[in-house]
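First the structure, in the form of structure tokens, and then the observations on it.
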Amino acid sequence: MKFLKFDEIDSTNNYMKEHINDFNNYDIVSAKTQTTGRGRRGNIWLSPEGMALFSFLLKPNKKKEIEEYTKLPLLAGISTLSALRKFKEDVFSFKWTNDVFYQNKKISGILVEKIDKAFIIGIGININNKIPEEIKDIATSLGEQYDIDKIILTVVEEFAKYYEKFENGKWAEILDEINKYNFLKNKKIKVDVRGKIFSGIAKNIAEDGRLEILIEGDLKLFNVGEIRIEKDFLI
Ligand code: BTN
């Protein structure tokens with residue numbers, strides 16, 4: 001397994017994408033800082049020193065239906081959460097679909113990108129970086145010095161374990177575990193469905209990776225592309 005380490009780079013996802021043929025399954029690229037770190041939905045991912053900033057490659061050996069791959073962020077989420085619990089036994093949760101929360105605030109974000117038949121899984125974790133004042137209400141860090149390389153390796157090792165289980169048909173078991181840490185469960189949320197706002201109560205993450213939301217007495221299933229959860233309304 002390759003573990004390439006940069007002091008500064010534009011984005012570890014970009015680097016892996018540009019050199020995709022140099023990498024094999026579970027090879028890692030990390031950086032101390034990124035100049036143009038990318039988040040989901042085209043957001044910028046601020047990448048100061050003190051964060052774990054890395055990408056690794058997944059080359060599935062079996063062909064699967066595309067829907068199966070929508071589960072990858074969930075697998076990456078539970079792997080990150082379970083790795084972090086090895087360093088700090090505390091209150092971590094998984095916020096559907098791509099975030100890990102620590103003490104009710106975001107500590108990690110995940111960006112999965114498909115390149116031909118492979119996937120680049122990019123993860124940023126706030127370890128010992130300072131959180132900017134303007135996002136202090138929604139983001140947090142572990143707030144202590146840790147061996148960042150060790151955390152990165154543990155996340156990738158955990159991912160490899162969960163992915164093997166997934167490949168062996170044990171998704172239901174993994175999903176039970178993910179639902180145990182489901183941050184949104186039983187929270188009153190407002191969802192924006194193509195511009196229309198609905199109130200509901202978030203429930204479990206379903207077998208196909210969609211979120212169950214109880215709206216006016218009916219349990220409805222949504223995938224991430226269909227809705228936007230209004231953060232301000234989270235209780
Ligand atoms: C999000 O929450 O929007 C996802 C953030 C993903 C950030 C990581 S940091 C390492 C990798 N390189 C990037 O440019 N992005 C991902």
Side-chain angles (χ1 to χ4, degrees), residues 2-20 22-23 26-58 69-81 83-84 92-102 104-115 118-132 134-142 146 148-156 158-159 181 183-184 211 224-225 227-231 234:
K2 253 187 223 157
F3 190 172
L4 272 189
K5 300 172 195 178
F6 291 93
D7 281 341
E8 186 181 284
I9 202 172
D10 54 347
S11 147
T12 55
N13 268 44
N14 289 357
Y15 186 90
M16 202 157 233
K17 199 187 290 180
E18 285 153 15
H19 301 85
I20 194 93
D22 299 345
F23 294 108
Y26 299 131
D27 282 348
I28 306 168
V29 176
S30 78
K32 286 191 181 145
T33 60
Q34 298 181 124
T35 50
T36 49
R38 293 188 290 110
R40 290 169 56 231
R41 304 177 197 255
N43 290 330
I44 292 169
W45 180 261
L46 291 176
S47 306
E49 211 166 323
M51 271 190 182
L53 301 162
F54 62 104
S55 306
F56 63 92
L57 191 72
L58 176 72
Y69 293 118
T70 58
K71 293 169 184 166
L72 290 180
L74 279 66
L75 288 169
I78 189 67
S79 309
T80 304
L81 186 152
L84 289 176
F92 290 98
S93 50
F94 172 69
K95 180 169 161 283
W96 182 84
T97 55
N98 289 50
D99 298 332
V100 177
F101 272 37
Y102 172 55
N104 296 322
K105 294 178 184 176
K106 177 161 170 169
I107 193 169
S108 169
I110 295 161
L111 175 70
V112 180
E113 296 184 297
K114 186 172 187 297
I115 312 292
F119 294 85
I120 296 173
I121 301 179
I123 303 183
I125 313 172
N126 297 321
I127 307 286
N128 195 31
N129 48 300
K130 273 220 156 55
I131 304 296
E134 54 287 10
I135 54 167
K136 271 208 163 129
D137 287 347
I138 54 168
T140 191
S141 71
L142 286 184
Y146 284 92
I148 292 180
D149 287 349
K150 225 167 157 179
I151 293 186
I152 294 174
L153 280 169
T154 311
V155 172
V156 180
E158 285 300 297
F159 184 90
Y181 293 105
F183 175 78
L184 292 174
L211 181 67
V224 72
I227 58 167
R228 196 167 60 88
I229 294 170
E230 301 278 331
K231 283 198 198 92
L234 279 178

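These numbers come from a predicted model, not from an experiment. Ligands are counted one by one from 1 in listed order, and the atoms in each one are counted from 1 as well.
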Nearest non-hydrogen partners of Phe23 and Leu57, listed with the distance: O-CD2, 3.5 Å

Least distance between heavy atoms, Ala31 atom then Ile9 atom: CB-CG2, 3.5 Å

Atoms of ligand 1 close to [X] [distance to a heavy atom under 4.0 angstrom, numbered from 1]:
X     : value
Gly39 : 1 (C), 3 (O), 4 (C), 5 (C)
Gly37 : 14 (O)
Thr12 : 10 (C), 11 (C), 12 (N)
Phe54 : 10 (C), 11 (C)
Arg40 : 1 (C), 3 (O), 4 (C)
Asn13 : 11 (C), 12 (N), 16 (C)
Leu53 : 9 (S)

Are more than 12 heavy atoms from other residues, nucleotides or ligands located less than 6.0 Å from atom [atom1] of [X]?
X      : atom1 : answer
Lys105 : NZ    : yes
Lys150 : NZ    : no
Lys130 : NZ    : no

How far does [atom1] of [X] sit from [atom2] of [Y], to the nearest 0.5 angstrom?
X      : Y      : atom1 : atom2 : answer
Ile121 : Tyr26  : CD1   : OH    : 7.5 Å
Phe56  : Ile152 : CZ    : CD1   : 11.0 Å
Ile151 : Ile125 : CD1   : CD1   : 6.5 Å
Leu53  : Gln34  : CG    : CD    : 4.5 Å

Is any N or O atom of [X], backbone or side chain, closer than 3.5 Å to an N or O atom of ligand 1?
X     : result
Arg38 : yes
Ser11 : yes
Trp45 : no

Protein residue, atom and distance nearest to atom 12 (N) of ligand 1, heavy-atom basis: Gln34 OE1, 2.9 Å

Heavy atom of the protein closest to atom 2 (O) of ligand 1 (residue, atom name, distance): Lys106 NZ, 2.7 Å

Side chains of Thr36 and Asp10, donor plus acceptor under 3.5 Å: no

Residue-ligand contact Ile110/ligand 1, heavy atom below 4.0 Å: yes

Within-shell test, Asp99 vs ligand 1, heavy atom, strictly < 4.0 Å: yes

Region of Ile123 engaging ligand 1 - heavy atom pairs below 4.0 Å: backbone

Proximity of Met51 to ligand 1 by residue part, where a heavy atom lies under 4.0 Å: neither

